[in-house]
Amino acid sequence: MASTVSAAIDLPCSLSNPADPKNRNCFTSSFKPHPSRRRFFVVCSAPKSPTRAPESFSEQSRNNPSLSEQLKPLSTTTLSAPTTAQTHVLKSKPKSTWVNPTRSKRSVLNPRRQKRSQHSYNPRVKELRLFAQKLNECESSESSFLSVLEEIPHPPTRENALLILNSLKSWQKTHLFFNWVKTQNSFPMETIFYNVTMKSLRFGRQFQLVEELANEMISNEIDLDNITYSTIITCAKRCYLFDKAVEWFERMYRTGLMPDEVTYSAILDVYAKLGKVEEVLSLYERARATGWKPDPVTFSVLAKMFGEAGDYDGIRYVLEEMRSLGVKPNVVVYNTLLEAMGKAGKPGLARSLFEEMVESGLTPNEKTLTALVKIYGKARWARDALELWERMRSNGWPMDFFLYNTLLSMCADLGLVEEAERLFEDMKQSESSRPDSWSYTAMLNIHGSDGNSDRAMELFEELSRSGVELNVMGCTCLIQCLGKAGRVDDLVRVFDASVNRGVQPDDRLCGCLLSVASMREEGEDLHKVLGCLGRANPKLVAFVKLLQEESVNFEKVTVEFKSIISETAVEARRPFCNCLIDICRNQNLHDRAHELLYLGIMYGLYPGLHNKTADEWSLDVRSLSVGAAQTALEEWMRTLSRIVKREEALPEVFSAQTGTGAHKFSQGLANAFASHVGKLAAPFRQSEERAGWFVATREDLVSWVQSQNPPAVAA
DNA sequence: GCATGTTTCT
């Protein structure tokens, strides 16, 4: 494919073309602040100071301002308070003073990475490796480890000890060995020993021990270098101790040690994970302004951050920065950008970016393909998804367990039943990608949506036999399917079995049971379904019963409705309301249905239901159930009748949007709506120009209202 | 995960 993302987003040249050499200098005009600079004006807040600062630091700290101090001039000038006036100033003067500096700024990072010392060949490497193997295989207890240590074939000199330390696998053993070496007193402990031990402790997410070692270094006056700090920071990050990560970063500055780009990227990622976009951009731009050329890791951090925020401008900024600096993205950067494009809802750009990646000679890995498959599935791009799948097979691109499951989910999104079955069979045959609860959920989703309740039940039995855990999502798919098929006894059996196996019913599952209830007539089956629902959400069932009582007034309904909805997960609120309306309509409780629709609108469950422009009023019922859409149509016709009777101003066109049901399995809301229009003899016709729309002219509507006999509504 | 440090997935 010839088109590139760069072209698609109006960049002058493609990412795959190296940038003009003159652009590689950070001080040229190609360096522009990220567009969000003009959108947000959060002060670059100083991270908290560490609670305890070792004495030896204080003297140095007077000479070396902390990072936040260094950044202060920025925050008090260009990035100051978020006032309208300043917003205006910045908008009219986008080039802030430090972007094109007239004098050089104090640097915030060391342009050269910390050098590693060369190690010389150790003639005893073979025996020491064998011995390390022995240590790896022995029991983890301190006593057995120490007894094996007694058999060490050569004295623990600096080189021998380092070799073994590097060869141990579990953090417990690394830690034990490190402590043992210290007791031997055969040589002074150096930074590298701490670094290697900390790295191992990081695998075990042992931040507390890492911090103890770091403090031990400080008290023994062993220098902490960039490798030490980056290890501490990333360890804190992996343990979600972000404040600790910032604290150690600040401490590094105070002692006068300048971070190199690895440490700098690590701390950028910490701020990014905290969602502190402004801080990340401050740090990034500050370093860029002093001449730093970021590496792909930095761009991957930035892309991930913008992706998480769904910030498309940010993603564009990352692409543009890489282009102008002539940084070639690697596979990780592409993966992160693809993921970000997906989160920002840009499937077309993701596709172009992927093509650009392949054209640049990179081979997509499992994560690349997982990201793309997910995007095509969510976008319902069946053709692209199937083409990609074919390319994966013909090119022998790598597959892993995640990718299998993502492909299955894509099949569910696209309604690809046979393809899913083939994949599922492949998974069962494979060594490393056996179906798990995600795979089964996707399969239950596929067959459930397809209405194949026999196959769905088969899968349920198979899953139960194979010992795979059933998750609440799979349970919900199956129950929905059985409900639609009218297999209420099987539904009850599945519900009981699931709850007994530890499935915790959530609001979606309750919504599903409620929708099954809404499809049943009054009788034994309805009773059984409500029985299940009552075990998960007794209050909801009590409300359903309450709706059926004539003596209950609107005030009482309002109070109970509010109470239930406020306790319900946001994504399940509208479905609840839709189903409750359907239940009322099935039982000829039309006034109640109208009350519930009114309450749903009042509580914001149907935003954008009614839209007015001078020329057209329209009703958007795409997110409504059939009963709710019918109720909304009735309500709207009543309102319009009143307006006609009062001879108030009306637009030329009235329209109602039902959607076409792009999903293969979607229910026929349009058909149900059409038949209800017919029943009311309302003057709407299905539009030929706009699929999924019903339209009526003002003339049609007025004559319909006037022909109503008796009048539909009193004026 | 292999003689010390940074980034990506249902």
Side-chain angles (χ1 to χ4, degrees), chain A residues 113-122 125 128-129 132-133 136 158-171 174 178 190-204 224-235 237-238 245 259-270 272-273 294-305 307-308 318 329-340 342 364-375 377-378 398 400-410 412 433 436-439 441-442 471 473:
Chain A
R113 282 191 190 199
Q114 180 178 321
K115 276 229 171 99
R116 290 165 183 239
S117 54
Q118 290 285 320
H119 63 271
S120 50
Y121 175 72
N122 188 328
V125 61
L128 289 166
R129 283 245 181 241
Q133 181 98 4
N136 276 324
R158 181 189 181 280
E159 278 66 35
N160 293 348
L162 196 51
L163 204 148
I164 292 172
L165 195 64
N166 263 304
S167 310
L168 294 174
K169 286 178 182 168
S170 79
W171 63 267
T174 312
F178 174 76
E190 294 167 29
T191 306
I192 187 171
F193 285 86
Y194 284 89
N195 291 351
V196 174
T197 308
M198 283 183 184
K199 183 188 173 188
S200 177
L201 290 170
R202 191 185 58 184
F203 276 112
L224 285 75
D225 62 13
N226 259 284
I227 296 177
T228 321
Y229 279 110
S230 61
T231 310
I232 296 171
I233 288 166
T234 52
C235 178
K237 189 176 71 187
R238 282 184 203 179
D260 66 9
E261 68 175 334
V262 175
T263 316
Y264 209 72
S265 292
I267 201 70
L268 283 182
D269 194 41
V270 169
K273 294 261 173 344
D295 69 351
V297 175
T298 310
F299 289 117
S300 159
V301 168
L302 292 181
K304 168 94 184 178
M305 175 181 77
E308 289 299 319
V318 172
N330 61 19
V331 176
V332 176
V333 174
Y334 273 114
N335 291 353
T336 319
L337 282 166
L338 284 172
E339 184 86 5
N365 66 17
E366 296 89 335
K367 286 170 184 173
T368 320
L369 299 165
T370 301
L372 204 58
V373 165
K374 202 164 114 191
I375 289 168
K378 291 285 162 258
D400 69 359
F401 182 61
F402 281 135
L403 185 49
Y404 264 118
N405 272 344
T406 308
L407 280 165
L408 277 184
S409 295
M410 178 199 80
S433 303
D436 71 344
S437 67
W438 274 91
S439 326
T441 298
N471 63 28
M473 168 94 170

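Numbers restart at 1 for each chain; the letters A, B, ... are given by sequence-line order, proteins then strands.
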- Would you say the side chains of A/Asp225 and A/Thr191 form a donor-acceptor pair under 3.5 Å? no
- Is it the case that A/Ser167 and A/Arg129 place a side-chain donor and acceptor less than 3.5 Å from each other? yes
Between atom [atom1] in [X] and atom [atom2] in [N], what is the gap in whole Å?
{"X": "A/Phe401", "N": "B/dC9", "atom1": "CZ", "atom2": "P", "answer": "17 Å"}
{"X": "A/Lys304", "N": "B/dT7", "atom1": "NZ", "atom2": "P", "answer": "11 Å"}
{"X": "A/Ile233", "N": "B/dT7", "atom1": "CD1", "atom2": "C1'", "answer": "15 Å"}
{"X": "A/Lys273", "N": "B/dT7", "atom1": "NZ", "atom2": "P", "answer": "7 Å"}
{"X": "A/Lys367", "N": "B/dT8", "atom1": "NZ", "atom2": "P", "answer": "8 Å"}
{"X": "A/Asn365", "N": "B/dT8", "atom1": "CG", "atom2": "C1'", "answer": "8 Å"}

- Across all chains, not counting sequence neighbours, the side-chain hydrogen bond (donor to acceptor under 3.5 Å, both in side chains) partners of A/Thr370 are none
- Lys/Arg N to Asp/Glu carboxylate O, A/Glu339 vs A/Lys374, below 4.0 Å: yes
- Query: Base, sugar-phosphate, or nothing for A/Asp436, non-hydrogen atoms under 4.0 angstrom?
  - Reply: base
Span that lies between the [atom1] atom of [M] and that of [N], in whole angstrom:
{"N": "B/dC9", "M": "B/dG5", "atom1": "C1'", "result": "23 Å"}
{"N": "B/dT7", "M": "B/dC2", "atom1": "P", "result": "16 Å"}
{"N": "B/dT8", "M": "B/dA3", "atom1": "P", "result": "23 Å"}

- Item | Side chain to side chain, A/Asn122 and A/Asn160, heavy atoms closer than 4.5 Å | yes
- Does A/Asp436 reach the side chain of A/Asn405, with side-chain heavy atoms less than 4.5 Å apart? yes
- Task: Summarise how protein sits on nucleotides 1-6 of chain B as a single string, 5' to 3': B when a protein heavy atom is under 4.0 Å from the base, S for sugar-phosphate-only contact, - for no contact.
- Result: BBBBBB
